[in-house]
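In this text, all values refer to a predicted model and were calculated from it rather than measured experimentally. Quick note: numbers below take in every heavy atom, side chains included, and nothing from hydrogens, waters or symmetry partners. Each chain gets a letter, A, B and so on, in the order its sequence line appears, and its residues count up from 1.
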2 protein chains.
Amino acid sequence: MIKYCNSCGASVTHRIPEGDSLARAVCDACGTIQYQNPKIVVGCVPALGDRILICKRAIEPRYGLWTLPAGFMENGESASQGAVREALEEANARVEIEDLYTVYSIPHISQVYMMFRARLLDENVSPGTESLEVKLVTAGEIPWKELAFTMVRRTLEHYIEDRKTGVFVPRFGDIVPPQR
Amino acid sequence: MIKYCNSCGASVTHRIPEGDSLARAVCDACGTIQYQNPKIVVGCVPALGDRILICKRAIEPRYGLWTLPAGFMENGESASQGAVREALEEANARVEIEDLYTVYSIPHISQVYMMFRARLLDENVSPGTESLEVKLVTAGEIPWKELAFTMVRRTLEHYIEDRKTGVFVPRFGDIVPPQR
């Protein structure tokens with residue numbers, strides 16, 4: 001929760017600015033408005049032959065579960081550059097991006113995932129600081145019951161399915177929490 | 001530039017936090033880190049028969065030039081919901097999203113554009129507060145020299161081209177400033 005103006009340090013009020021339709025953190029002292037917007041997570045499916053690189057998470061959430069290399073996109077980089085960087089950071093993996101593959105909005109946590117298909121350039125991979133373990137798996141070896149996130153499961157399901165025909169169809173969709 | 005902690009109001013220092021690799025606005029008083037990440041702009045190509053809805057901008061940047069309805073994605077919504085909302089806000093247009101069509105990263109302004117194909121449900125459109133004028137145009141009527149943004153031109157070029165075959169191919173890419 002934003003309480004102070006990050007430009008002048010005064011207390012903010014939460015109200016709808018003139019001409020806007022949503023409440024924002026507004027500074028009445030200097031006029032700064034602090035907007036909060038969805039964050040982008042970029043990642044890839046690094047493939048080498050019939051195997052895919054996956055990473056066991058060394059951080060929360062979902063510590064100890066398996067994921068595809070992915071992380072928050074940074075200012076000043078493109079989505080594909082971010083996906084390359086994350087593969088390097090999480091698995092010391094050198095990848096070459098092929099195409100955008102899946103895009104999932106997750107409204108309840110205000111995140112959008114953008115996952116690319118990528119060529120893993122060599123087998124020389126090892127865990128980065130955010131991974132306990134990294135490994136190359138065939139379709140039959142994917143630990144479906146130990147995947148960290150719905151977006152990982154869906155992306156891998158589509159990927160394995162599309163690989164049978166050789167036609168990779170980009171997909172977008174929303175991921176919502178299970179109904180209670 | 002972030003100068004103060006928006007959680008406790010103390011001055012921040014700009015440094016690389018432990019375990020991170022980029023400088024952030026760090027509060028040494030309460031430990032809050034203010035991250036700044038790319039923003040998502042969501043929009044659509046609203047089509048009705050052989051015509052496309054375009055909007056003349058009533059705001060900077062690119063006041064008076066033509067664009068597709070698009071704007072910043074908000075927390076708590078999906079990308080496609082945001083695209084529907086923007087069409088309503090900018091052109092009082094009711095649209096139904098078909099599929100994700102173009103995704104452009106613009107690293108030098110830290111934005112990612114996500115443009116959808118959409119069905120415009122009826123001709124009953126009118127300018128919202130951010131538009132001077134809205135209109136339905138055929139391919140031959142697109143004001144190519146008065147388009148507001150590169151992403152609009154590219155999206156419309158692909159759209160017009162793909163419409164000839166009826167096969168709409170999603171595209172992603174980066175938009176960089178012209179070399180000086």
Point to revise | B:Ser7 to A:Lys3 - nearest heavy-atom pair and separation | key: O-CD, 3.7 Å

Review point. Is it the backbone or the side chain of B:Asn75 that comes under 4.5 Å from a heavy atom of chain A, or both, or neither?
Key: both

Exercise for review: Check each atom of A:Ser11 against the heavy atoms of chain B and say whether the ones under 4.5 Å are side chain, backbone, both or neither.
Suggested key: neither

Practice item. Under 4.5 Å heavy-atom distance to chain A, tell me which part of B:Arg85 shows up: side chain, backbone, both or neither. Key: neither

Point to revise | Contact class of B:Leu22 relative to chain A, heavy atoms under 4.5 angstrom | key: side chain

**Study point:** Leading residue by heavy atom contact count with chain B [cutoff under 4.5 Å; candidates A:Cys8, A:Ala79, A:Gly19]
**Key:** A:Cys8

Review point. Quick one: what part of B:Ile97 sits under 4.5 Å from any heavy atom of chain A, side chain, backbone, both or neither?
Key: side chain

Practice item. Using a 4.5 Å cut-off on heavy atoms from C-beta on, say whether the side chain of B:Asn6 contacts that of A:Cys5. Key: no

Exercise for review: Would you mind reporting whether A:Ser78 and B:Tyr104 have side-chain heavy atoms less than 4.5 Å apart?
Suggested key: no

Practice item. Using non-hydrogen atoms and a 4.5 Å limit, figure out which bit of B:Glu89 sits close to chain A: side chain, backbone, both or neither. Key: side chain

Point to revise | Any B:Gln81 side-chain heavy atom under 4.5 Å of A:Ser105 side chain | key: no

Practice item. Please flag which part of B:Glu130 lies under 4.5 Å from any non-hydrogen atom of chain A: side chain, backbone, both or neither. Key: neither

Practice item. Check for a donor-acceptor pair, side chain of B:Asn37 on one end and backbone N or O of A:Met73 on the other, with a separation under 3.5 Å. Key: yes

Review point. Contact part of B:Glu77 toward chain A, heavy-atom cut-off under 4.5 Å: side chain, backbone, both or neither?
Key: backbone

Check your understanding: Considering only heavy atoms, which portion of B:Met114 lies under 4.5 Å from any heavy atom of chain A: side chain, backbone, both, or neither?
Key -> side chain

**Study point:** Heavy-atom proximity to chain A below 4.5 Å, by part of B:Thr32
**Key:** neither

Point to revise | chain A contacts, top residue of B:Val169, B:Val176, B:Val12, B:Val112 (heavy-atom pairs, under 4.5 Å) | key: B:Val112

Practice item. State, yes or no, whether a side-chain contact exists between B:Leu100 and A:Pro170 at a heavy-atom distance under 4.5 Å. Key: no

